[in-house]
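Counting starts at 1 for both ligands and their atoms, in listed order. When reading the values below, keep in mind they use all heavy atoms of this one structure, side chains included, and skip hydrogens, waters and symmetry mates.
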Amino acid sequence: MPPLRVLQVSDLHAGTREEPEVEADLGALVGETDPELVLVTGDLTHRNGRAQHERAAVLLRSLDRPLLVIPGNHDIPRWPPWRFTSTFDEFRRQWPETEPVYRSERLVVCGLNSVRPWKQQGGALRGAQLEHVARVLADAPPGALRVAALHHHLLGAPWRSRKRTIANRSTVLGRLVDAGAELIVSGHVHQSAVGERREFEVPAGAVHGTTVATAPGLGQPRPRRRGEARGLHLFEADERSLRVLTYAWAEGSWAQIGDRRFPRGTAPLHSIG
Ligand SMILES: [Fe+2]
Ligand SMILES: [Fe+2]
């Protein structure tokens with residue numbers, strides 16, 4: 001059976017620095033890699049404009065793959081009272097649900113809405129959302145890859161950023177791991193970072209692998225900032241391992257610049273002795 005593939009794009013920021021060739025070649029990349037699902041982790045637009053949402057939706061639907069789309073902090077009105085009274089209205093014109101779930105025999109993805117209108121940049125998850133993700137993942141078919149997706153990142157990249165990780169990050173991370181998530185994906189910071197649970201946690205006994213991945217941005221609204229990468233992640237899973245392939249847009253084409261592999265389940269990739 002061919003490996004399961006999921007493509008993640010994040011932070012399109014439609015309405016800024018549009019380069020049609022990035023989008024055309026994204027279609028070519030999807031055709032070449034044949035993902036089961038395209039997962040979109042928010043900031044579809046830069047200013048939540050209707051035309052910006054339409055533009056992002058046209059691009060994503062042109063990929064002709066199942067889509068799971070969640071909002072980011074740029075996908076809500078900038079100012080009160082609309083920020084509070086019609087928070088997700090424009091997003092919902094294109095994507096009726098802010099917490100969609102994707103289910104197949106090989107893959108279950110639970111989308112989580114971490115956007116909070118009273119926070120300027122930051123995000124959070126409520127207890128009820130963490131209970132929801134636990135229920136969704138507990139219901140996954142045996143062997144299916146269990147994924148939690150949210151906009152705000154849990155893992156930061158080396159460059160300094162004023163963007164904070166999700167509120168109560170350690171608690172959220174612990175709850176998602178305990179919910180059985182094997183892969184946790186985010187965006188928001190426009191920089192890539194990938195780590196596996198056993199790289200940052202002292203596990204008690206045999207624990208299942210959890211890979212945490214923050215995607216670079218597909219859009220690049222602030223190109224003069226050094227810490228703003230343009231790229232995407234492709235995940236590839238078989239029974240024993242999960243690969244994270246990083247692609248960057250460089251000099252007019254998508255180039256694969258990273259290939260990291262982590263264990264799924266309790267067995268390591270390789271044992272000595
Ligand atoms: Fe963003
Ligand atoms: Fe964001």
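- Using modelled atom types, one finds no donor on one side chain facing an acceptor on the other under 3.5 Å when comparing Arg5 with Thr33.
- The atom of His190 nearest to the Fe ion (ligand 1) is NE2, with the search restricted to N, O or S atoms.
- Note that the CD1 atom of Ile257 and the CH2 atom of Trp249 stand 14.0 Å from one another [nearest 0.5 Å].
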Side-chain donor-acceptor pairs under 3.5 Å in residues 188-197, sequence neighbours left out?
{"from": "His188", "atom 1": "ND1", "to": "Asn73", "atom 2": "OD1", "distance (Å)": "3.1"}
{"from": "His188", "atom 1": "ND1", "to": "His151", "atom 2": "NE2", "distance (Å)": "3.1"}
{"from": "His188", "atom 1": "NE2", "to": "Gln121", "atom 2": "O", "distance (Å)": "3.4"}
{"from": "His190", "atom 1": "ND1", "to": "Glu228", "atom 2": "OE1", "distance (Å)": "3.4"}
{"from": "His190", "atom 1": "NE2", "to": "Asp11", "atom 2": "OD2", "distance (Å)": "3.0"}
{"from": "His190", "atom 1": "NE2", "to": "His13", "atom 2": "NE2", "distance (Å)": "3.1"}
{"from": "Gln191", "atom 1": "NE2", "to": "Gly227", "atom 2": "O", "distance (Å)": "2.9"}
{"from": "Ser192", "atom 1": "OG", "to": "His233", "atom 2": "NE2", "distance (Å)": "3.0"}
{"from": "Glu196", "atom 1": "OE1", "to": "Arg198", "atom 2": "N", "distance (Å)": "2.9"}
{"from": "Glu196", "atom 1": "OE1", "to": "Arg198", "atom 2": "NE", "distance (Å)": "3.3"}
{"from": "Glu196", "atom 1": "OE2", "to": "Arg198", "atom 2": "NH2", "distance (Å)": "3.4"}
{"from": "Glu196", "atom 1": "OE2", "to": "Thr210", "atom 2": "N", "distance (Å)": "2.9"}
{"from": "Arg197", "atom 1": "NE", "to": "Glu201", "atom 2": "OE1", "distance (Å)": "2.7"}
{"from": "Arg197", "atom 1": "NH1", "to": "His208", "atom 2": "O", "distance (Å)": "3.0"}

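- Taking CD from Glu90 and CG from Asp75, the interatomic distance works out to 10.5 Å, rounded to the nearest 0.5 Å.
- Take the Fe ion (ligand 2) and draw a sphere of radius 2.8 Å; the protein N/O/S atoms inside it number 4.
- Of the residues listed (Val108, Val109, Val147, Val136), the one engaging Tyr102 in a side chain to side chain contact (heavy atoms under 4.5 Å, CB included) is Val109, and it is the only one.
- Between the side chains of Gln94 and Arg50, no donor N or O sits under 3.5 Å from an acceptor N or O.
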